[in-house]
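Below: the structure, in structure tokens.
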Amino acid sequence: MHIGPYQLRNNVFVAPMAGVTDRPFRQLCKQLGAGYAVSEMAASDPRLWASEKTSRRINHDGEMEPRAVQIAGADPQMLANCARFNVERGAQIIDINMGCPVKKVCNSWCGSALLQDEALVASILEAVTGAVDVPVTLKFRTGWDRQHKNALKIAAIAEASGIAMLTLHGRTRADGYAGEAEYDTIAAVKASVGIPVVANGDITSPEKARAVLQATGADAVMVGRAAQGRPWIFREIDHFLRTGSHLPAPLVDEVATLMEEHLLAHYGFYGAYLGVRTARKHIGWYVRSLPGGEAFRRAMNLLEDCDAQLAAVRDFFRAQHAYGERLRYGLADEKLAA
């Protein structure tokens, strides 16, 4: 699997997710088998480039290559300038967001709202690909709503504009994240273009990844929400695609070490005050469905000190040894059902 000149380790990718795929999390996912990761969405408005939030989103210090930055906006020239700005600061791939369904983004005529204006899509893609000498990719949805699916037209425009890779989420903007993703449109897009196509949407297990690749003919899969609290899903999917067999659940001790490394990197990246607060969601994802996880999450959310939070996490995973040497996801649910 290649994006321009960059050969990737495998075809299992991390989806860019606002508030989630910061540098520490991307690094962890790559460490655990992800072949490629894209930054959180960075605004194209130059007035925001110097803000602390945007600076963090485009920070790739020490990150495993290739370094990819996702940009968002609605003005072709501003997006072109934003692409140049990020390439000058080390971005090796630029990804354009035309997939975000969030109202705040779409109300600014950004994200998947752009799919309503195919001429504007063409202008944006041509402006950005013409502005930089690195690969430019596009992430988009099947259409604005189910009555206006235009993924095939957008894909044709993208290929003609010099886009190096397409990532298609199998929902419309109107769908948000409700219901189930559909893959027929992704298969049709893959059959219609000569550039790599990545399937995105509801990739939640190794079996689902293989089924989606077989159904769509896509070159890769992109995993989003299923990686929250389970970053080892990338090695699990990659191993299954290569061998047809499953890796065992991770060792409790391994996850405890990974979590500590993740939290320390997270605190260092955000600082103590913001770090302890933004880490809560990650910790909550890690412990969900584990025995005692929900009670621990509620207590942990009251802690406002990094050392106390880290100590609580250590104690929680030490207690998981009572259920075996490997994580026992779903055990809490089984006991409730019984």
Side-chain angles (χ1 to χ4, degrees), residues 14-34 37-42 48 50-64 67 69 90 223-235 249-323 325-329 332:
V14 189
M17 295 175 280
V20 180
T21 49
D22 52 25
R23 191 187 73 199
F25 187 73
R26 293 195 305 273
Q27 284 281 65
L28 181 61
C29 291
K30 289 179 177 180
Q31 176 187 337
L32 291 170
V38 184
S39 75
E40 301 173 80
M41 182 171 57
L48 302 175
S51 70
E52 187 176 359
K53 184 176 182 179
T54 297
S55 296
R56 274 197 299 265
R57 286 188 169 187
I58 62 176
N59 184 320
H60 291 259
D61 295 345
E63 185 172 349
M64 189 186 301
R67 298 182 296 271
V69 173
V223 180
R225 290 169 291 167
Q228 295 172 355
R230 189 183 164 189
W232 44 86
I233 192 173
F234 299 101
R235 72 182 183 193
L251 292 165
V252 171
D253 286 342
E254 180 193 14
V255 174
T257 299
L258 288 171
M259 274 213 67
E260 181 158 342
E261 292 173 353
H262 184 192
L263 289 175
L264 290 172
H266 191 91
Y267 301 151
F269 190 65
Y270 287 99
Y273 179 84
L274 194 58
V276 73
R277 288 160 176 79
T278 53
R280 290 169 181 160
K281 60 178 178 286
H282 286 284
I283 297 169
W285 291 328
Y286 276 111
V287 305
R288 65 186 170 192
S289 295
L290 290 175
E294 180 55 27
F296 169 76
R297 184 192 65 80
R298 290 196 298 268
M300 179 272 303
N301 282 343
L302 301 176
L303 302 175
E304 297 189 357
D305 175 81
C306 293
D307 290 337
Q309 189 180 67
L310 190 58
V313 169
R314 287 176 183 148
D315 289 343
F316 175 82
F317 278 95
R318 197 174 294 121
Q320 293 301 301
H321 283 288
Y323 306 97
E325 66 175 1
R326 296 185 180 275
L327 288 189
R328 295 289 304 276
Y329 283 107

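When reading the values below, keep in mind they use all heavy atoms of this one structure, side chains included, and skip hydrogens, waters and symmetry mates.
- Taking the side chain as every heavy atom from C-beta outward, Gln309 and Tyr267 approach each other to under 4.5 Å.
- Between the side chain of Arg326 and the backbone N or O of Ala249 there is at least one donor-acceptor pair closer than 3.5 Å.
- Although no hydrogens or angles enter the test, the distance criterion places no donor-acceptor pair under 3.5 Å between the side chain of Gln228 and the main chain of Lys281.
- Looking at Glu294, its side chain never comes within 3.5 Å of a backbone N or O of Val287 through a donor-acceptor pair.
- Rounded to the nearest 0.5 angstrom, Met300 CE and Arg280 CZ are separated by 7.5 Å.
- For the pair Phe234 and Leu28, the minimum side-chain heavy-atom distance is 4.5 Å or more.
- In this structure the side chain of His282 never reaches within 4.5 angstrom of the side chain of Met259, judged on heavy atoms.
- Counting heavy atoms from C-beta on, the side chains of Val252 and Leu327 come closer than 4.5 Å.
- Looking at Glu63 and Arg23, no side-chain N of the basic residue comes within less than 4.0 Å of a carboxylate O on the acidic one, giving no salt bridge.
- At distances below 3.5 Å, at least one donor-acceptor pair connects side-chain atoms of Gln27 with backbone N or O atoms of Met64.
- Side-chain contact check for Tyr286 versus His262: some heavy-atom pair is nearer than 4.5 Å.
- From Arg230, atom CZ reaches atom CZ of Arg225 across 14.5 Å, with rounding to the nearest 0.5 Å.
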